[in-house]
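Right, one structure below, let's go through it.
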Amino acid sequence: AKSTLARGITDILPDAHDLVTLPLGASEEMLVGTLDLQQVLAEQKVIFNPGILAKADNGVLYVDEVNLLADSLVDLLLDVSASGINYVERDGISHQHLSRFILLGTMNPDEGELRAQLLDRFGLSVELSGQNSIEERIEIVRLREDFDRDPQAFIASYQDQQQQICQTIAMAKQQLPRITCSAELRHLIATRCDQANVDGLRADIVWLKAAYAHAAWSGRKEVNETDVIAVEALVLNHRKQAFDKAPSNKSNSSNKPNTDAKPPFSRPSSEQHSPAAQPKNNQAEQAGTQSDPQLDNQPDSQSGEWGSMATPQQQQTGEPLTSVLPQHSMDSLKKQISSVANLTK
């Protein structure tokens with residue numbers, strides 16, 4: 001019922017706010033609007049065809065499954081939500097108009113995450129678990145049956161409650177400019193944001209505004225600690241999750257070595273590939289032991305020499321191949337020759 005809840009918000013807002021929906025498959029022109037260049041050439045006038053952002057001005061821009069929105073549209077929303085102005089440019093002709101809206105989105109985190117930049121643009125968030133008790137499930141089904149049986153009568157039965165909510169919101173909005181907040185509670189907000197490791201100061205600003213709104217809703221003229229704590233989860237929940245999932249750049253975040261990382265590749269020494277060394281290596285592999293430390297500690301100057309071949313000049317002139325072999329390979333070869341000689345005696 002995420003969409004049902006979102007669409008019902010406009011009915012309780014004190015001012016007349018239109019709910020404009022941004023479809024997931026919308027194009028950039030549908031979002032920002034278009035310029036009629038034919039009219040420019042024919043009549044020397046700029047004709048602007050409004051898009052969704054123009055229709056959402058002073059209203060609510062609703063995006064269902066906002067985490068599935070195309071990146072190009074997300075970038076446009078970020079620009080307009082930050083400036084409140086929509087710029088449309090085409091072939092050297094430009095047009096701009098105000099686009100100040102309440103951005104309202106719903107999403108299922110299991111279907112994909114929302115970019116952190118856009119997630120931070122949402123001032124408050126409400127998390128729905130969907131886990132209801134047996135009594136709650138029965139009551140939800142009963143209410144749905146009543147609505148399906150007679151929708152108009154069902155809506156009328158809640159008219160008084162909804163009207164009371166609208167009046168409370170209107171009175172709180174009038175009281176809002178006169179609400180004050182002490183320095184101690186401002187320090188509490190800043191401390192909580194710092195402890196949550198949220199990025200930037202938007203959380204601090206939104207938290208203070210939400211505390212003002214809660215105090216006005218409760219009929220108080222000054223923010224108290226109850227107001228600050230009441231809106232904490234609404235402000236920090238999605239911001240803290242986004243920070244926890246982002247990679248940390250702090251040098252002191254973890255000093256432990258990564259035991260899961262694979263060791264860097266290094267070329268094997270010539271002794272590991274010599275006939276005399278093969279039986280030992282096979283036994284080591286079967287026993288699950290490490291390679292011979294003496295082979296691992298060869299000088300760095302040997303790197304790049306393994307598998308060397310004779311140059312074309314050496315092949316033509318008949319120069320000895322030993323000139324291109326490393327010294328430790330020569331020693332190994334001499335030992336093998338000496339062993340064969342001893343066996344033949």
Side-chain angles (χ1 to χ4, degrees), residues 2-3 6-7 9-11 13-107 111-125 173 176-177 198-210 213 235 238-239 242-243 246:
K2 300 188 303 296
S3 300
R7 297 180 187 279
I9 289 180
T10 55
D11 293 334
L13 294 178
D15 300 327
H17 286 77
D18 294 330
L19 181 70
V20 181
T21 302
L22 174 59
L24 290 179
S27 63
E28 294 186 20
E29 291 186 346
M30 291 175 58
L31 180 61
V32 302
T34 58
L35 294 171
D36 191 343
L37 297 183
Q38 295 296 330
Q39 292 289 336
V40 174
L41 297 175
E43 304 178 10
Q44 302 298 317
K45 293 191 302 184
V46 178
I47 304 300
F48 174 68
N49 298 318
I52 295 175
L53 290 176
K55 298 176 182 178
D57 186 33
N58 290 325
V60 178
L61 180 58
Y62 172 58
V63 187
D64 190 16
E65 306 296 346
V66 64
N67 53 322
L68 304 181
L69 198 63
D71 287 341
S72 59
L73 301 184
V74 170
D75 294 334
L76 290 172
L77 283 180
L78 287 172
D79 294 338
V80 177
S81 62
S83 63
I85 300 175
N86 178 36
Y87 295 93
V88 184
E89 296 183 0
R90 183 179 177 186
D91 296 336
I93 301 173
S94 62
H95 176 78
Q96 67 182 44
H97 64 82
L98 293 177
S99 182
R100 297 161 297 183
F101 50 82
I102 299 174
L103 183 59
L104 180 62
T106 56
M107 61 175 286
E111 298 176 353
E113 298 297 334
L114 185 62
R115 283 170 53 179
Q117 300 95 318
L118 184 57
L119 191 64
D120 192 40
R121 293 292 178 182
F122 290 99
L124 307 175
S125 69
K173 188 175 180 180
L176 191 60
V198 294
D199 191 17
L201 295 175
R202 187 171 286 113
D204 302 61
I205 297 173
V206 171
W207 195 339
L208 181 61
K209 291 182 177 180
V235 177
H238 59 297
R239 291 184 171 87
F243 177 84

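Closest approach of Asn67 to Glu111, counting heavy atoms only: ND2-C, 3.8 Å. Looking at every heavy atom in both residues, Leu73 comes nearest to Ala26 through CD1-O, 3.3 Å. Residues His238 and Gly123 come closest through the heavy atom pair CE1-O, 3.8 Å. Nearest heavy-atom pair across Phe122 and Gly105 is CE2-N, 3.5 Å. Closest approach of Met107 and Gly112 over heavy atoms only: CE-O, 3.7 Å. Nearest heavy atoms, Phe101 versus Ala56: CB-O, 3.3 Å.
Using a 4.5 Å heavy-atom threshold, the side chains of Ile52 and Pro23 count as touching. No side-chain heavy atom of Leu104 sits under 4.5 Å from any side-chain heavy atom of Leu61. Taking the side chain as every heavy atom from C-beta outward, Asp75 and Arg115 approach each other to under 4.5 Å. For the pair Asn49 and Glu29, the minimum side-chain heavy-atom distance is 4.5 Å or more. Within the 4.5 Å cutoff, no side-chain heavy atoms of Val66 are placed close to those of Leu103. Inter-residue side-chain proximity for Leu76 and Leu53 is flagged as unmet; no heavy-atom pair is nearer than 4.5 Å.
How far CZ of Arg90 is from CG of Leu35: 7.5 Å, rounded to the nearest 0.5 Å. Rounding to the nearest 0.5 Å places OG1 of Thr21 at 5.0 Å from CG of Leu19.
Legend: salt bridge (charged side-chain N to carboxylate O under 4.0 Å, His left out) pairs involving residues 46-69, not counting sequence neighbours, sorted by first then second residue: Asp57-Arg100.
Qualifying side chain to side chain contact (heavy atoms under 4.5 Å, CB included) partners for Ala213, counting only residues two or more places apart in sequence or in other chains: none.
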Under 3.5 Å donor-acceptor pairs involving side-chain atoms of residues 79-88, not counting sequence neighbours:
from, atom 1, to, atom 2, distance (Å)
Ser81, OG, Leu77, O, 2.7
Ser81, OG, Leu78, O, 3.1
Ser83, OG, Asp79, O, 3.0
Ser83, OG, Ile85, N, 3.3
Ser83, OG, Ile85, O, 3.2
Asn86, ND2, Val32, O, 3.0
Asn86, ND2, His97, NE2, 2.9

field: Pair Val235-Val198, side chain to side chain contact (heavy atoms under 4.5 Å, CB included): steps then yes or no
entry: CA-CA 10 Å; Val235 177; Val198 294; over 6 Å; no
field: Ile102 and Ile9: CA distance, side-chain angles, deciding distance, side chain to side chain contact (heavy atoms under 4.5 Å, CB included) verdict
entry: CA-CA 11 Å; Ile102 299 174; Ile9 289 180; over 6 Å; no
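With hydrogens and angles disregarded, no donor-acceptor distance shorter than 3.5 Å links the side chain of Arg239 to the backbone of Ala116. Side chain of Asp18 to backbone of Gly59: no donor-acceptor contact under 3.5 angstrom is found.
Counted within 6.0 Å of NZ on Lys2, heavy atoms from surrounding residues, nucleotides or ligands total more than 12; the atom is thus considered enclosed.
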